[in-house]
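Written out below as structure tokens is the structure these notes cover.
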Amino acid sequence: MKQELSDIANALVAPGKGILAADESSGTIKKRFDSIGVDSTEETRRDYREMLFRAGDGMKNYVSGVILYDETIRQKGKDGTPLVDVMRVAGAIPGIKVDEGAKTLAGPHADIEKVTEGLDGLRERLAEYHRLGARFAKWRAVITIADGTPTWNCIKANAHALARYAALCQEAGIVPIVEPEVLMDGSHSGHDIDRCYEVTEWTQRTVFRELYDARVALEGIILKPNMVIAGQKSAKQASSQQVAELTVKCLKATVPAAVPGIAFLSGGQSDAQATENLSLMNQIGGVPWKLTFSYGRALQAAALKAWGGKSENVAAGQRAFTHRARMNSLAALGKWNEQLEKAA
Ligand code: 13P
């Protein structure tokens, strides 16, 4: 079992490949569709995602796995082929989001802090997802920087849930993506890159302590962290080089070398920013794990816009997606540059 898990984890972070996060919940995908004036229905969601999964070279060359939402793992494409088979043909491993969302954490900061729920019945759900073809899963915890937060209580509760989830995944033969996200949005004035470093270090240390207590095999997980970056509304923004250096420093201080790979979330960075930061980190190098992408917005935003909900734009949407996937693949190898970005 352990070998199988580490084979899957290593395949997810194969050189020059990364993960497409297409697991937006119904509420989140509706927001994305609202931005292009498209109704969110079972059919439009299917058409949009099928467009991505059929993006030819964009999928085959650069995407190792796709994180799906419950609806999508059960859906069939227009011609009746299960979408899971469409992505398998493209060489991508199907994955599944299994958390049930970040809910208000009772306590003195209930207006701000969240704890991710979804452990009840998870063993049974994982067994079903394995039957449906999923070989990896995702659980996202969110940590918010604000006045008086994060609290130790919030970090501890989320880290504990992540570890229980990860242990259940491994029991089911599924690689857990462990995602503790220190949010970059929020308007706290003290949310500069140093505060993000401090909170990210604290969070990751706690998560790995809990993973150890739960006897999770680190060889069979992928970590999906935020980059160490200033809050979006901070007056004190950091350069890409600083983001890359502090992120690598923080990961070196907290992530054991047994972990095969780290696949970042984009978290609200622009497409180009997410790509550049990843490339710079790989240029720094000298780390024991693969550093790659598991982007949602930063891989999809351009494709979503180019598609606009119209079947005649499918090819344009696929071109936009393939371009971003290729740029991020180059970044995962530390070989991205602005000339390549513009040449397309
Ligand atoms: P973003 O890259 O848009 O942050 O999404 C990645 C993800 O899966 C968040 O859970």
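Each ligand, and each atom within it, is numbered from 1 in the order the structure gives.
- In Asp213, the CG atom is crowded: over 12 heavy atoms of neighbouring residues, nucleotides or ligands sit closer than 6.0 Å.
- For atom 9 (C) of ligand 1, the closest heavy atom belonging to the protein is Glu179 OE2, 3.2 Å.
- When non-hydrogen atoms are compared, ligand 1 lies under 4.0 Å from the side chain of Ala21 (C-beta onward) but not from its backbone.
- Salt-bridge annotation for Glu50 and Lys78: absent, with no side-chain N of the basic residue lying under 4.0 Å from a carboxylate O of the acidic one.
- Rounding to the nearest 0.5 Å gives a distance of 7.0 Å between CD1 of Ile93 and CZ of Phe136.
- Sparse packing is recorded around CZ of Arg164, with 12 or fewer heavy atoms of other residues, nucleotides or ligands lying under 6.0 Å away.
- The pair Glu210-Arg205 does not meet the salt-bridge criterion, since no charged nitrogen lies less than 4.0 angstrom from a carboxylate oxygen.
- Atoms of ligand 1 lying under 4.0 Å from any heavy atom of Gly267, numbered from 1 in the order shown and given with element: 1 (P), 2 (O), 4 (O).
- Judged by distance alone, the side chains of Asn61 and Ser329 never bring a donor and an acceptor atom under 3.5 Å apart.
- Distances below 4.0 Å separate heavy atoms of Ser294 from the following atoms of ligand 1: 6 (C).
- Applying the 4.0 Å criterion to heavy atoms of Lys138 picks out, from ligand 1, the atoms 7 (C), 8 (O), 9 (C), 10 (O).
- Separation of the Trp307 and Phe33 ring centroids falls under the 6.0 Å cut-off.
- Those atoms of ligand 1 with a heavy atom of Tyr295 less than 4.0 angstrom away are 2 (O).
- The structure places CG of Leu223 at 8.0 Å from CZ of Phe264, a figure rounded to the nearest 0.5 Å.
- The distance from ligand 1 to the heavy atoms of Lys224 drops below 4.0 Å at these ligand atoms: 6 (C), 7 (C), 8 (O).
- The shortest N/O to N/O separation between Ser266 and ligand 1 falls below 3.5 Å.
- The closest approach between any non-hydrogen atom of Ala298 and ligand 1 is not below 4.0 Å.
- Not close to ligand 1: Ala274, with no non-hydrogen atom less than 4.0 angstrom away.
- With Glu24 as the partner, the side-chain hydrogen bond (donor to acceptor under 3.5 Å, both in side chains) test is satisfied by one option alone out of Lys30, Arg49, Lys31, Lys97: Arg49.
- With a heavy-atom cut-off of 4.0 Å, Arg140 touches ligand 1 through its side chain alone.
- In terms of polar-atom proximity, defined here as any N/O pair under 3.5 Å, Arg32 makes no such contact with ligand 1.
- Between Gly296 and ligand 1, a contact under 3.5 Å exists for at least one N or O pair.
- The shortest separation from a heavy atom of Glu181 to ligand 1 is not under 4.0 Å, leaving the residue out of contact.
- Put simply, no part of Lys97 is less than 4.0 Å from ligand 1, judged by heavy atoms.
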* To do: Could you walk me through whether Glu201 and Lys249 pass the salt bridge (Lys or Arg N to Asp or Glu O under 4.0 Å) test, one step at a time?
  => CA-CA 10 Å; Glu201 180 178 30; Lys249 182 177 172 202; over 6 Å; no

